[in-house]
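Encoded as structure tokens, the structure appears first; notes follow it.
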Amino acid sequence: MKLFFSSFQWVVFILAGSLVAPLAVGHAFGFAPEEISSFMQRTFLLIGVSGLLQTLFGHRFPIMENPAGLWWGVFSVYAGLIASGTLGLEAGLKQLEMGMFLAGIIFVVIALLRCTEAITKLFTPLVVGTYLLLLVAQLSGSFMKGMMGIGYLSSDQINLRVAIPALITLVISMLLPRSSRPFLRNYSVLISLCIGWLLFLALGVTEPPASSGTWFAAPQPFAWGMPEFDVGIGVTAVFISLLLITNMMTSIRVMEGVMKDAGKQQQPIAYNRTMLIMGANTTLGGIFSAMGCVPISGTAGFVMATRIYQRLPFIIASIFMMAISFFPALTAFFSSIPMPVGYATIFIPFASMIGIGLKEFQAVPMDDRNRFIVGVSLMIGIGCMFIPASAVGELPGMLKTLANNGIILGMVLCIAMEQGSRLLDKRKENRTEKASKTV
């Protein structure tokens, strides 16, 4: 029974975190409800396969895989190009499939060349801590808007009938992990979601599930047609691939720290194998016309809150996600979870990332130089989050993706500043040694 509840709680967490991206992208491209449901069906399959492969053969941590925010940004850019008439819908979707293929090949090449270990040295506690603070800053707006009902039920205003039950759900999700009863504490996410869903049903503020049409249907490969190459998507794929490595590395580092704090033994991480599997997962995104998945750092907060450190419940949940992708009716049912409830349910696990980030900073001396690096990285990264997407519309595709993603820009800046300062220190040491030898 404990295994069942733990596994189902993982399913709830994965579903709550994976509904936003396919829904938002589907609406951006003007997909019909049936097309959005099919897109979500393929997304669920990819999430399940990616999580299962990484947990069994890759990093071997129970880390949720989700559509990458960077790919979400690229899809949004292409949706804008299509809406403006610059690019046709069919051609744009085929190019996005090709982008996923190219990114997967890049990951595989990096793994085969065994360059992953060298890349991991860039992810110091200073970089990981900065990344986590930027992550929370970037997600906070979406979480608050979602819980206030903005964008829900086709409303762009705060809806009190939505906000009040969502906030009640948030309070419950805050109190349950602090309960003296192990059952309430360990299954706080599942209980909070059930209560929140019942509140929304009682108040009549739920959206009707999409019509499934049939009970069984396998996710369709190449749903948008065969991939089509374009120079723009080729350059974007290279750039996105290098940035997505930061997502993967930081998520693994964060979960590794959580496991060590809990006293859970873990074998050394096979980074090259993890990168190879990430390449396979991204390629599957191209095959099944979905966004490529990456490990999500917020999973560490969920594991801390629920104390589910074992891999088996997550493995079962990943298999379940794969299974429901073959049953459109089940996909439609689970995708009918009210988005405000989903945001309220997973609010605390993601908010706890701030504490983990601050703990990372404790591993390095916070002298003037490190404080300066963190301050500049956060200022620029968070500042870019407030730049409207329309303001970067004239930039080249690659710069547009970077300028519109404060978390990656701040992350890259932090790495560059830290490594640059270390290089200068090393040169000073070398000059000092030469001077001392000359004397």
Spacing of CD1 belonging to Ile245 relative to CG belonging to Leu122, to within rounding of 0.5 Å: 10.0 Å
Whether Ser50 side chain and Ile47 backbone form a donor-acceptor pair below 3.5 Å: no
Pairwise distance CE(Met321) to OG1(Thr331) - rounded to 0.5 angstrom: 8.0 Å
Close side-chain approach of Met411 and Thr250, heavy atoms under 4.5 Å: yes
Ring pair (Phe, Tyr, Trp, His ring centres under 6.0 Å) contacts in which one or both residues fall within residues 406-433, not counting sequence neighbours: none
Residue pair Met144 / Phe347: nearest heavy atoms and the distance that separates them: SD-CE1, 4.3 Å
Partners passing salt bridge (Lys or Arg N to Asp or Glu O under 4.0 Å) against Lys2 (at least two apart in sequence or in another chain): none
Exercise: do Ser251 and Ser297 side chains pair donor with acceptor under 3.5 Å: yes
Donor on one side chain, acceptor on other, Gln310 and Ser6, under 3.5 Å: no
Identified side chain to side chain contact (heavy atoms under 4.5 Å, CB included) partner of Ile356 from the options Val136, Val254, Val128: Val254
Listed partners of Phe13 passing ring pair (Phe, Tyr, Trp, His ring centres under 6.0 Å), at least two apart: Phe302
Side chains of Leu45 and Gln41 in contact at under 4.5 Å (non-hydrogen atoms): no
Partner set under side chain to side chain donor-acceptor pair (under 3.5 Å) for Thr299, not counting sequence neighbours: none
Whether Ser188 side chain and Leu184 backbone form a donor-acceptor pair below 3.5 Å: no
Arg60 side chain to Leu56 backbone, donor-acceptor under 3.5 Å: yes
Spatial distance of atom CE (Met278) from atom CG (Leu53) [nearest 0.5 Å]: 13.5 Å
Between CG on residue Asn370 and CE on residue Met417, distance to nearest 0.5 Å: 10.0 Å
Minimum heavy-atom distance Thr206-Tyr152, with the two atoms named: CA-OH, 3.4 Å
Within-4.5 Å side-chain heavy-atom neighbours: Val303 and Tyr309: yes
Parallel, tilted or perpendicular: ring planes of Phe39 versus Phe31, cut at 30 and 60 degrees: perpendicular
Set of residues satisfying ring pair (Phe, Tyr, Trp, His ring centres under 6.0 Å) with respect to Phe320, sequence neighbours excluded: Phe334
Close side-chain approach of Leu167 to Met148, heavy-atom, < 4.5 Å: yes
Pairs flagged by salt bridge (Lys or Arg N to Asp or Glu O under 4.0 Å) wherever residues 306-325 is involved - sequence neighbours left out: none
Heavy-atom pair of closest approach, residues Gly292 and Trp71: O-CD1, 3.7 Å
Met174 atom CE: more than 12 heavy-atom contacts under 6.0 Å: no
Any donor-acceptor pair under 3.5 Å from Gln95 side chain to Ile233 backbone: no
Contact summary for Met100 and Gly285, nearest pair of heavy atoms: CG-C, 3.7 Å
More than 12 heavy atoms of other groups within 6.0 Å of Met379 CE: no
Residue pair Ile296, Val294: steps toward the side chain to side chain contact (heavy atoms under 4.5 Å, CB included) verdict: CA-CA 6 Å; Ile296 301 300; Val294 294; 4.3 Å; yes
Euclidean distance, Thr282 OG1 relative to Leu244 CG, rounded to 0.5 Å: 7.0 Å
Main-chain N/O of Phe57 paired to Arg273 side chain as donor or acceptor, under 3.5 Å: yes
Partner residues of Tyr343 under the ring pair (Phe, Tyr, Trp, His ring centres under 6.0 Å) criterion, sequence neighbours left out: Phe143
Side-chain heavy atoms of Leu46 within contact of Cys293, under 4.5 Å: yes
Audit row: Val374, Met366, side chain to side chain contact (heavy atoms under 4.5 Å, CB included) steps and yes/no: CA-CA 9 Å; Val374 172; Met366 291 306 291; 4.2 Å; yes
Distance-minimising heavy-atom pair for Gln54 and Thr274: NE2-O, 3.2 Å
With Asp230 via salt bridge (Lys or Arg N to Asp or Glu O under 4.0 Å) - residues at least two apart: none
Leu423 backbone acceptor or donor facing Arg427 side chain under 3.5 Å: no
Residues in ring pair (Phe, Tyr, Trp, His ring centres under 6.0 Å) contact with Phe101, at least two apart in sequence or another chain: none
Side chain Tyr131, main chain Leu126, donor-acceptor under 3.5 Å: no
Taking every non-hydrogen atom, the tightest pair across Pro219 and Arg42: CB-CG, 4.1 Å
For Ser289, all residues meeting side chain to side chain donor-acceptor pair (under 3.5 Å), sequence neighbours excluded: Glu97
Output field: ring centroids Tyr187/Phe8 closer than 6.0 Å: no
Residues that Asn272 engages under side chain to side chain donor-acceptor pair (under 3.5 Å), provided they are two or more places apart: Thr116
Value rounded to 0.5 Å, distance of CG in Leu413 from CG in Leu378: 10.0 Å
Check: Ser325 side chain, Met322 main-chain N or O, donor-acceptor pair, under 3.5 Å: yes
Any Val162 side-chain heavy atom under 4.5 Å of Met147 side chain: no
Phe183, CZ atom: more than 12 neighbouring heavy atoms under 6.0 Å: yes
Stepwise side chain to side chain contact (heavy atoms under 4.5 Å, CB included) test for His59 and Ile277: CA-CA 9 Å; His59 49 63; Ile277 292 175; over 6 Å; no
Salt bridge (Lys or Arg N to Asp or Glu O under 4.0 Å) contacts touching residues 360-383 (sequence neighbours left out): Arg253-Glu360, Asp368-Arg371, Arg369-Asp425
Steps toward side chain to side chain contact (heavy atoms under 4.5 Å, CB included) verdict (Phe314, Phe61): CA-CA 9 Å; Phe314 178 77; Phe61 284 122; over 6 Å; no
Side chains of Thr169 and Ile195 in contact at under 4.5 Å (non-hydrogen atoms): no
Sidechain-backbone polar pair: Gln157 side chain, Ile150 backbone, donor-acceptor under 3.5 Å: no
Side chain to side chain, Thr345 and Ser173, heavy atoms closer than 4.5 Å: no
